[in-house]
Visitor: 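I'd like to ask some things about the structure below.
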Amino acid sequence: MGRLSPMREALRAQLWPLPALGIVLAIAAGVGLPRLDKRILDEVPPSLTGYLFGGGPEAARAVLEAIAGSLISVTALTFSLTVVTLQLASSQFSPRLLRTFSQDRYVQTTLALFLATFTYALTVLRTVRAEASEQPRFVPQLSVTFAFLLAVTSVFALVVFLSHLTRKIRVETMLRDVHTDASATIRKLLTESDPSTADHAAVPQLPPDGLPLLVGVSGFLATVNEKALLAAAIDADAVVLIDRCPGSSLIAGTPAGSAWPRTGEPFPPHTRHRLVEQSAGALTTESELTPAQDIAFGLRQLTDVAIKALSPGINDPTTAVHALSHSSALLCELARRDLSPRLLYDDHDQIRVVLRRPTLAELLHLAVAQPLRYGAAEPAVLARLYMLLRELAWHSRPEQRPTIADHLAQVRSTAAAQRIHPGDKADLDDLADNVDQALTGHWPSTAPQR
């Protein structure tokens, strides 16, 4: 299983790192280019001199002041538009979509360019000197020309940013981005299922007197440091089981797993204390859900969008149906992946660490339960839920089909309790029958007609 760096994931979700880097580079360029001007200005060929800034000190100051003043205004506008977009995404779709906007490279790069241009213009401005008795006249022609080019680039970047922002706030774009990120996480963390190499029987069973491994800091489980956990288990000659998946809410002082001695002999007191302490240090908690190792994070985002669209204040079943379509695609991908517990071995091929993963039943419940509850009276939502189960049944393995059948029974029961037009009810019954056929490996070639 691949492991994303928690620090890298945290930096990706922040707006400030790339703009801060732009400011640092701008200061370096604002100091270095004027010095280069002094050295090579007399050596520039006449054919190139005509393309450089040709004004005097006052003109250079006016240009640099205009660039600095306009860019700080444009930067304020860009920040304002970004904040409005974040507010819109949070209130209308889901607060968990804010991470998608804040890690957008277009937004970060645009802000970095604007702030870098502003900082560069101010830094170069300090080097422009009129002729005086103490110091000779100096106009950094190359530096002022570069400031002009940065300003023109910023104007084009503003146009591109506005176009990108308009496209970004469309719900279809947001759902696509969530789907893309979730698929990338699944591919990094899970391998393709291969029944021939499955070792479910090899998973150690927790004894009744296992040592509880307590959580150190409350929050959402973000990442599990596998190397540290394996080292702690080997050091204590123990087997460690973490039964909470990334994304789970953990409370300090409560167990997140258990450990037991491999030899069956009780742990010495100092070993018990060290093992609990090291295990707690291997579990990183955050104040918010993150996609670092959370397989279900994308499904949570899509479900949030679906139930938000079904709320009385919005009443947008079409968006809910689109979100369920993306959830269906992710579930079908997850059905082909190995969701069995992850096992870590020592150098002697002995199992030392068992990390639980969410089951397909848990993931399917996450995607279906709330949309079914809040969209029970909407035939379009019920129809899409039936289609989701049908598509998942087609991609499922035999051992996964009872779970799909259980959810099919829930959707059928909910649909039967609604007051729905007889024609819509007949269509829904046909869709439910199609799920039954998909569970047996059959897919009718024609859609039911009312």
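What you see is a predicted model; the values in this text were computed from it and never measured.
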Visitor: Short question: side chain of Thr271, backbone of Phe267 - any donor-acceptor pair under 3.5 Å?
Guide: no
Visitor: Inspect the contact between Arg352 and Asp235 and indicate whether a charged nitrogen and a carboxylate oxygen are less than 4.0 angstrom apart.
Guide: no
Visitor: Testing His395, Glu391, Glu333 one by one against Ser328 for a side chain to side chain donor-acceptor pair (under 3.5 Å), which residue passes?
Guide: Glu391
Visitor: Describe, in one word, how the ring planes of His326 and His179 are oriented to each other, choosing from parallel (under 30°), tilted (30 to 60°) and perpendicular (over 60°).
Guide: perpendicular
Visitor: With no hydrogens and no angle check, do the side chains of Thr303 and Gln370 hold a donor and an acceptor under 3.5 Å apart?
Guide: no
Visitor: Drop me the distance from Leu408's CG to Asn434's CG, to the nearest 0.5 angstrom.
Guide: 10.5 Å
Visitor: In terms of side-chain geometry, is the basic nitrogen of Arg300 or Asp294 positioned less than 4.0 Å from the acidic oxygen of its partner?
Guide: yes
Visitor: Is there a donor-acceptor pair closer than 3.5 Å between any side-chain N or O of His421 and the backbone N or O of Gly423?
Guide: yes
Visitor: So that I can tick it off, tell me whether Arg356 and Asp243 are bridged by a salt bridge, with the cut-off set at under 4.0 angstrom between side-chain N and carboxylate O.
Guide: no
Visitor: Is Glu192 paired with Arg187 through a side-chain N to carboxylate O contact shorter than 4.0 Å?
Guide: no
Visitor: Would you indicate whether the side-chain heavy atoms of Leu111 and Leu18 approach each other to under 4.5 Å?
Guide: no
Visitor: Does atom OH of Tyr106 have more than 12 heavy-atom neighbours, drawn from other residues, nucleotides or ligands, at distances under 6.0 Å?
Guide: no
Visitor: Leu241 versus Leu355: any side-chain heavy-atom pair under 4.5 Å?
Guide: no
Visitor: Does Ser327 reach the main-chain N or O of Ala367 with its side chain, forming a donor-acceptor pair under 3.5 Å?
Guide: no
Visitor: Do Asp304 and Phe93 make a side-chain contact, defined as non-hydrogen atoms from C-beta onward lying under 4.5 Å apart?
Guide: no
Visitor: Is any side-chain heavy atom of Leu158 closer than 4.5 Å to a side-chain heavy atom of Val74?
Guide: yes
Visitor: Are side-chain N/O atoms of Arg357 and Ser340 paired as donor and acceptor at under 3.5 Å?
Guide: no
Visitor: Which pair of non-hydrogen atoms, one from Asn315 and one from Leu310, has the smallest distance, and what is that distance?
Guide: OD1-O, 4.5 Å
Visitor: With a 6.0 Å cut-off (strictly less than), is the heavy-atom count around CG of Asp347, excluding the residue itself, greater than 12?
Guide: no
Visitor: Are the side chains of Thr110 and Val160 in touch, meaning some heavy atoms are under 4.5 Å apart?
Guide: no
Visitor: Atom CZ of Arg170 and atom CG of Leu175: how far apart are they, to the nearest 0.5 Å?
Guide: 11.0 Å
Visitor: Could you tell me if the side chain of Thr223 sits less than 4.5 Å from the side chain of Pro246, heavy atoms only?
Guide: no
Visitor: Output the distance between atom CG (Leu388) and atom CG (Leu364), rounded to the nearest 0.5 Å.
Guide: 6.5 Å
Visitor: Taking atom NE2 of His365 as the centre, report whether more than 12 heavy atoms of other residues, nucleotides or ligands fall under 6.0 Å from it.
Guide: no
Visitor: So Asp406 and Arg401, salt bridge (Lys or Arg N to Asp or Glu O under 4.0 Å) or not? Walk me through it.
Guide: CA-CA 9 Å; Asp406 290 342; Arg401 289 169 188 165; over 6 Å; no
Visitor: Counting only N and O atoms by type, is there a donor-acceptor contact under 3.5 Å from the side chain of Ser218 to the main-chain atoms of Ala252?
Guide: yes
Visitor: Quick check on side chain to side chain donor-acceptor pair (under 3.5 Å): which of Arg336, Gln400, Arg337, Arg397 does Ser193 satisfy it with?
Guide: Arg397
Visitor: Ignoring hydrogens and angles, state whether a donor on the side chain of Ser325 or Arg384 is under 3.5 Å from an acceptor on the partner side chain.
Guide: yes
Visitor: Kindly compute the distance separating OG (Ser183) from CG (Leu334), expressed to the nearest 0.5 Å.
Guide: 8.5 Å
Visitor: Could you tell me if the side chain of Tyr386 sits less than 4.5 Å from the side chain of Leu428, heavy atoms only?
Guide: yes
Visitor: Do Ser70 side-chain atoms and Ile67 backbone N/O form a donor-acceptor pair below 3.5 Å?
Guide: yes
Visitor: Just do the salt bridge (Lys or Arg N to Asp or Glu O under 4.0 Å) check on Asp436 and Arg412 with the steps written out, would you?
Guide: CA-CA 12 Å; Asp436 284 326; Arg412 268 183 166 143; 2.7 Å; yes
Visitor: Compare every heavy atom of Gly247 with every heavy atom of Leu289, then report the nearest pair and how far apart it is.
Guide: CD2-O, 3.3 Å
Visitor: Would the distance check show the side chain of Gln418 and the main-chain N or O of Ile420 forming a donor-acceptor pair, the cut-off being under 3.5 Å?
Guide: no
Visitor: Tell me if a side-chain donor or acceptor on Ser163 pairs with a main-chain N or O of Val159 at a distance below 3.5 Å.
Guide: no
Visitor: So does Ile251 get a backbone contact from the side chain of Thr254, meaning a donor-acceptor N/O pair under 3.5 Å?
Guide: yes
Visitor: Do Thr285 and Phe220 come close enough that some side-chain heavy atom pair is under 4.5 Å?
Guide: no
Visitor: Roughly how far apart are Asp316 CG and His322 NE2, rounded to 0.5 Å?
Guide: 9.0 Å
Visitor: Any sub-3.5 Å donor-acceptor pair from Glu362's side-chain atoms to Thr359's backbone N or O?
Guide: yes
Visitor: Mind checking the CG-CZ spacing from Leu150 to Phe114? Nearest 0.5 Å is all I need.
Guide: 11.5 Å
Visitor: Short question: side chain of Thr440, backbone of Gln437 - any donor-acceptor pair under 3.5 Å?
Guide: yes
